[in-house]
Peer 1: 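Here you go, one structure.
Numbers here are sequence positions counted from 1. Values in this document were obtained by computation on a predicted structure and should not be read as measured data. In listed order, ligands and their atoms are each counted from 1.
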Amino acid sequence: MSAKHALHICVTCRRPDWVAGRPRDGLTLFEMVQAAYYDWPRRHEIALKPIECLSGCDRSCTVAVSAEGKPGYLFGDKVPMRETAAAALELAAQYIDSADGTLPRGERPALFRGGILARIPSP
Ligand code: FES
C-alpha cells in the first residue's frame, strides 16, 4: 500500500441529534466507509485511518484527506449514511488523482461541496 495518501474519519464525533448509549456517529460513518473500502479497487492507493478527534467537534461528523506534498482538507457536517461513505471514497480518488492536491469545490462529490472547515497548505 502506498502510505502517501490518507483518508481520516473521526470515530468520536457526535452529531447534535446523537443519543447517549448509541455508537458515536463518527464510528458509524467510519464503519460504513470501511465496509465500502474493503471492496474498493483503489484501496491500496490510500490508507483509511480512524482518528479520535480532528478538532471539528462542533461540526460533526468530520472527514479529512492528507498527503505528502499536497494540501490537507478537513470537512465537517457529514451525516453517517452510505451515500456519505461512497462520496468519501469518490473524494479520496479525486485527491489521489490530483497532481497538486487541489479539490475544486465544483468538482467535488456533491456531499463534499459544503462543510469545508480547513485547507491546510503543504509544508
Ligand atoms: S470528536 Fe470528531 S472532531 Fe472532535
Peer 1: Is the backbone of F112 close enough, under 3.5 Å, to the side chain of R108 for a donor and an acceptor to pair up by distance?
Peer 2: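 Checking the backbone N and O of F112 against the side chain of R108, a donor-acceptor pair under 3.5 Å is found.
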Peer 1: Would you give the length of the straight line joining atom CG of L7 to atom CG of L48, rounded to the nearest 0.5 angstrom?
Peer 2: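 Nearest 0.5 Å value for the CG-CG distance: 5.5 Å.
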Peer 1: Salt-bridge test for D97 and R42: reply yes if a basic N is under 4.0 Å from a carboxylate O, no otherwise.
Peer 2: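 Result for this pair is yes, salt bridge flagged.
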Peer 1: Would you please name every residue forming a side-chain hydrogen bond (donor to acceptor under 3.5 Å, both in side chains) with D25, sequence neighbours left out?
Peer 2: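 Counting only residues at least two positions away or on another chain, D25 forms no side-chain hydrogen bond (donor to acceptor under 3.5 Å, both in side chains).
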Peer 1: So which protein N/O/S atoms does atom 2 (Fe) of ligand 1 have within less than 2.8 Å?
Peer 2: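 Near atom 2 (Fe) of ligand 1, the protein supplies C10 SG, C13 SG.
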Peer 1: Name the orientation class of the two ring planes belonging to W40 and Y37 (parallel below 30°, tilted from 30 to 60°, perpendicular beyond 60°).
Peer 2: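 The rings of W40 and Y37 sit tilted, inter-plane angle from 30° to 60°.
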Peer 1: Look at the side chain of K4 and the backbone N and O of E45, then say whether any donor-acceptor pair between them is shorter than 3.5 Å.
Peer 2: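 No, the answer is negative, given that no donor and acceptor are paired below the 3.5 Å cut-off.
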